[in-house]
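Note: hydrogens, waters and symmetry copies are ignored here, and every other heavy atom, side chains too, is used.
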Amino acid sequence: MAMNRSARMGSTSRSSWASSSRSSHSSTRSMGKKPVSGYQSVWNCFNNKISSYKFLTAQTMGPAKHGRPTAASLNTFAKWIEKGAIVHKVTPTQLKRWSNTSQQFKTVSSAKTAMCKKFGKGPIKAVICNKTGGFLVATAPAWRGKSFKFPS
């Protein structure tokens with residue numbers, strides 16, 4: 001006879017186990033632990049993938065001020081992450097600042113065009129609208145020998 005997960009774990013229920021697991025992870029992060037030497041690049045890669053997947057999962061939960069991305073576009077972004085891309089959140093205000101115009105960016109194509117003009121076509125892999133009215137952008141992790149990051 002199969003036992004359920006909480007019975008195997010003793011008196012701790014699954015939800016309390018999960019919350020204690022999360023709290024220990026966040027305390028590990030706040031203590032400033034770093035990977036041992038030789039593992040920094042792997043550690044960075046894993047953290048980039050984790051944060052990118054968190055951006056995608058956030059699109060599926062909670063209220064949406066604007067339309068959500070489709071399931072197909074989220075799956076496409078997940079495939080980009082598997083290939084090594086990093087997902088960034090970009091607001092319409094950031095796009096205005098980068099393009100030096102007063103133009104409102106409401107479509108994916110106009111946002112992608114503006115970013116490609118500013119940063120080049122190479123690092124920008126894909127763009128979708130997010131549920132808050134901004135955009136999610138999949139970028140190459142490195143471009144021209146340097147790690148690619150959007151200016152703040």
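Between the NZ atom in Lys121 and the OG1 atom in Thr113 there is a gap of 8.5 Å [rounded to 0.5 Å]. One distance of note links OG1 of Thr93 with CH2 of Trp98; it measures 10.5 Å at 0.5 Å rounding. Gln94 contributes atom CD, which lies 12.5 Å from atom NZ of Lys118 (distance to the nearest 0.5 angstrom). Taking CG of Asn47 as the start and NZ of Lys54 as the end, the distance is 9.0 Å to the nearest 0.5 Å. Atoms NZ and CG, on Lys117 and Asn100 in that order, are 12.0 Å from each other to the nearest 0.5 Å.
Checking side-chain atoms of Gln59 against main-chain N and O of Arg68 turns up no donor-acceptor pair under 3.5 Å. Side chain of Lys125 to main chain of Ile86: no donor-acceptor pair is present (N/O by atom type, distance under 3.5 Å, no hydrogens or angles). No donor-acceptor distance shorter than 3.5 angstrom exists from the side chain of Asn48 to the backbone of Ser51, with no hydrogens or angles considered. A distance-only check finds a donor-acceptor pair linking the side chain of Lys131 to the backbone of Met61 [under 3.5 Å].
No continuous path of hydrophobic side-chain contacts links Phe148 to Trp80 [ILVMFWY only; heavy atoms under 4.5 Å]. Grouping the Ile, Leu, Val, Met, Phe, Trp and Tyr side chains by contacts below 4.5 angstrom, directly or via other members, places Val137 apart from Ile128. Under a hydrophobic-cluster definition in which Ile, Leu, Val, Met, Phe, Trp and Tyr are linked whenever side-chain heavy atoms come within less than 4.5 Å, directly or via other members, Val108 and Phe105 are assigned to the same cluster. In the hydrophobic clustering of this structure, Phe150 does not group with Leu136; members are Ile, Leu, Val, Met, Phe, Trp, Tyr whose side-chain heavy atoms approach within less than 4.5 Å, directly or through other members.
The minimum heavy-atom distance between Cys129 and Phe135, with the atom names listed, is SG-CE2, 3.7 Å. In plain terms, the two heavy atoms of Asn130 and Gly134 that are nearest each other are OD1-N, 2.8 Å. What you find for Leu95 and Ala111 is that their closest heavy atoms are CD1-CB, 3.7 Å. Between Pro35 and Gln40, the closest heavy-atom pair is CG-OE1, 3.5 Å. When all heavy atoms of Ser110 and Gln103 are compared, the closest pair comes out as CB-NE2, 4.3 Å. Nearest heavy-atom pair across Lys96 and Ser102 is CE-O, 4.0 Å.
With a 6.0 Å radius and a threshold of 12 heavy atoms from other residues, nucleotides or ligands, Tyr53 has its OH atom above the threshold.
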- Message: Could you walk me through whether Ile81 and Leu56 satisfy the side-chain contact (heavy atoms from CB on, under 4.5 Å) test, starting with their C-alpha distance in whole Å, then the side-chain angles of each, then the deciding distance to 0.1 Å, before giving a yes or no?
- Response: CA-CA 10 Å; Ile81 294 168; Leu56 296 185; 3.6 Å; yes
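Side-chain contact check for Ile124 versus Thr139: some heavy-atom pair is nearer than 4.5 Å.
Side-chain rings of Phe119 and Trp143 stay apart, their centers remaining 6.0 Å or farther from each other.
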